[in-house]
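Everything on this sheet refers to the single structure shown next.
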Amino acid sequence: MTVVGPFGLSVRDQALEADVQAGMAAVEEGLLEATKSEVPFITEAAQHLVRAGGKRFRPLLVMLAAQFGDPYAPGVVPSAVVVELTHLATLYHDDVMDEAAVRRGVESANTRWGNSVAVLTGDFLFARASHTLADLGPEAVRVQAEAFERLVTGQILETAGPSDGRDPVEHYLDVLGGKTGSLVAVACRFGAMMSGCDETVVDVLTQYGERLGVAFQLADDVLDIASDGHESGKTPGTDLREGIPTLPVLRLRERADRLGLAEDIALCELLDSDLTDDDRLAEAISRLRDHPALEQARRDTVRYAEDARAALAPLPECDAKVALLEMCDAVVHRAG
């Protein structure tokens, strides 16, 4: 039994393990090839996060979804490269928006080269993803375009905030469906599509990916507060410092509005203060780690992971299905 992919996911079947390992190696080669430019500086910037590593969560899902059809079909690896390139491009842009200093345990591109280079490098990666996508056919282009629209819409909705009268938690979960769920769903959809699965299997795996993607992001929300930074590759409290309303914070505010407890209100006031001060940020992290809102966010993560697990029920029993089910457990484990 060998460890493969993110979170120490194990694959028990040797043939499946070999397929997944070979596919992931091919994706890695494809990423390096796709990020090359005739301009050495562009290559350096474009490969900055590729070489930093990462979980390759989305390509792994492409490989596992493809097991329900022909995993050796020619479109499987390129589609995984497209999904990861798109994800990487969004990270360059996200770090500019969030003014993040660290990504995947290394200096962020915007810190190293400035915002303009980071934004343009993200654009370069989007262009390279589109170039690869064009060879996969009009249906693949349409699926990716719809997902990218949802991703951008989710980002805009996060920036705009909930409309008057809208429940902030409900709004946030919709945001995550767009920002994160959409691209994870595409990873599963591409794996199934490119391997020739019938539409029923494609739909099942797409639903699974959407729900798993939201659970994955909710786990990141928890990690931003609960981890020491090694698991997420980001500095703890990055989202807090930038005032990003992640689920633990939203659950805290919801509880403060409902119960009116002095300690909850005081913590909300601390979060609303200037958290660029390191001592104040450390205090906010410490108090949130001990607050029931963090445990509520963990329960929300478990709920979405269980929804993803339930979506797989119609699929035939096989080692690939077991691996996808273990992904649900792994996401929950990340959240503690």
Subject >> Arg112 and Glu44: CA distance, side-chain angles, deciding distance, salt bridge (charged side-chain N to carboxylate O under 4.0 Å, His left out) verdict >> reply: CA-CA 12 Å; Arg112 185 167 182 176; Glu44 181 186 5; 3.3 Å; yes

Subject >> Partner of Phe68 by side-chain contact (heavy atoms from CB on, under 4.5 Å), out of Val202, Asp198, Leu324 >> reply: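 That would be Leu324; it is the only one of Val202, Asp198, Leu324 passing the side-chain contact (heavy atoms from CB on, under 4.5 Å) with Phe68.
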
Could you tell me the separation between the [atom1] atom of [X] and the [atom2] atom of [Y], rounded to the nearest 0.5 Å?
| X | Y | atom1 | atom2 | value |
| --- | --- | --- | --- | --- |
| Leu31 | Arg128 | CG | CZ | 12.5 Å |
| Asp274 | Arg241 | CG | CZ | 9.0 Å |
| Leu252 | Cys268 | CG | SG | 4.0 Å |
| Thr35 | His48 | OG1 | NE2 | 12.5 Å |
| Arg255 | Ile265 | CZ | CD1 | 11.5 Å |
| Ser130 | Gln144 | OG | CD | 7.0 Å |

**OP:** Could you check Phe126 against His131 for ring-ring contact (aromatic ring centres under 6.0 Å, His included), going step by step and ending with a plain yes or no?
**Re:** CA-CA 9 Å; Phe126 283 131; His131 187 274; over 10 Å; no

Is [Y] reachable from [X] through a run of hydrophobic residues whose side-chain heavy atoms are each under 4.5 Å from the next?
| X | Y | value |
| --- | --- | --- |
| Phe148 | Leu125 | no |
| Leu151 | Val81 | yes |
| Leu16 | Met327 | yes |

Sub-3.5 Å donor-acceptor pair from the side chain of [X] to the main-chain atoms of [Y], do we have one?
| X | Y | value |
| --- | --- | --- |
| His87 | Phe57 | no |
| Lys321 | Leu315 | yes |
| Ser195 | Gly191 | yes |
| Asp224 | Thr238 | yes |
| Ser182 | Lys179 | no |
| Arg289 | Ile225 | yes |
| Thr132 | Val82 | no |

Original post:
So Thr301 and Val222, side-chain contact (heavy atoms from CB on, under 4.5 Å) or not? Walk me through it.
Top reply: CA-CA 9 Å; Thr301 304; Val222 171; 4.3 Å; yes

Subject >> Pair Tyr72-Asp19, side-chain contact (heavy atoms from CB on, under 4.5 Å): steps then yes or no >> reply: CA-CA 8 Å; Tyr72 312 111; Asp19 281 350; 2.7 Å; yes

**OP:** Please report the C-alpha distance between Glu158 and Gln155 in whole Å, then the side-chain angles of each, then the deciding distance to 0.1 Å, and finally whether the side-chain hydrogen bond (donor to acceptor under 3.5 Å, both in side chains) criterion is met.
**Re:** CA-CA 5 Å; Glu158 180 181 61; Gln155 184 68 66; 3.0 Å; yes

Could you check whether any side-chain heavy atom of [X] comes within less than 4.5 Å of a side-chain heavy atom of [Y], counting everything from C-beta outward?
| X | Y | answer |
| --- | --- | --- |
| Pro168 | Arg253 | no |
| Leu157 | Asp174 | no |
| Val83 | Val186 | yes |
| Thr180 | Val214 | no |
| Val77 | Met194 | no |
| Asp277 | Leu281 | no |
| Lys36 | Gln47 | yes |
| Leu218 | Asp221 | yes |

Can you give me the closest heavy-atom contact between [X] and [Y], atom names plus distance?
| X | Y | value |
| --- | --- | --- |
| Pro71 | Gln67 | CB-NE2, 3.5 Å |
| Thr43 | Ser37 | OG1-N, 2.8 Å |
| Val331 | Ala219 | O-CB, 3.7 Å |
| Ala140 | Leu133 | O-CD1, 3.8 Å |
| Pro78 | Leu136 | CB-CD2, 4.0 Å |
| Ala52 | Val106 | CB-CG2, 3.8 Å |

**OP:** Sequence neighbours left out, what passes side-chain hydrogen bond (donor to acceptor under 3.5 Å, both in side chains) with Asp329? Give chain and number order.
**Re:**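 Checked Asp329 against side-chain hydrogen bond (donor to acceptor under 3.5 Å, both in side chains); matches are Arg309.
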
**OP:** Count the heavy atoms of every other residue, nucleotide or ligand shown that sit under 6.0 Å from CD of Glu149, and state whether that count exceeds 12.
**Re:**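 At most 12 heavy atoms, drawn from other residues, nucleotides or ligands, come within 6.0 Å of this atom.
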
Original post:
Do Glu210 and Arg150 meet the salt-bridge criterion of a basic N to acidic O distance under 4.0 Å?
Top reply: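 Looking at Arg150 and Glu210, the cut-off is met.
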
Original post:
Would you call Glu283 and Arg280 a salt bridge, taking side-chain N to carboxylate O under 4.0 Å as the test?
Top reply: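 Salt bridge absent between Glu283 and Arg280.
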
**OP:** Fit a plane to each ring of Trp113 and Phe41, take the angle between them on a 0 to 90° scale, and name the class: parallel (under 30°), tilted (30 to 60°) or perpendicular (over 60°).
**Re:**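 It falls in the perpendicular class, over 60°.
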
**OP:** Take Val62 and Glu84 through the test side-chain contact (heavy atoms from CB on, under 4.5 Å) and record every step on the way to the result.
**Re:** CA-CA 10 Å; Val62 175; Glu84 187 66 7; over 6 Å; no

Original post:
Just by distance, with hydrogens left out, do Tyr92 and Asp123 show a side-chain donor and acceptor under 3.5 Å apart?
Top reply: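 Short answer, no.
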
Original post:
For Asp203 and Gln207, does a side-chain donor sit closer than 3.5 Å to a side-chain acceptor?
Top reply: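 No pair is found: no donor N or O on one side chain lies under 3.5 Å from an acceptor on the other.
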
**OP:** Please report the C-alpha distance between Arg211 and Glu306 in whole Å, then the side-chain angles of each, then the deciding distance to 0.1 Å, and finally whether the salt bridge (charged side-chain N to carboxylate O under 4.0 Å, His left out) criterion is met.
**Re:** CA-CA 9 Å; Arg211 297 168 189 178; Glu306 288 302 312; over 6 Å; no

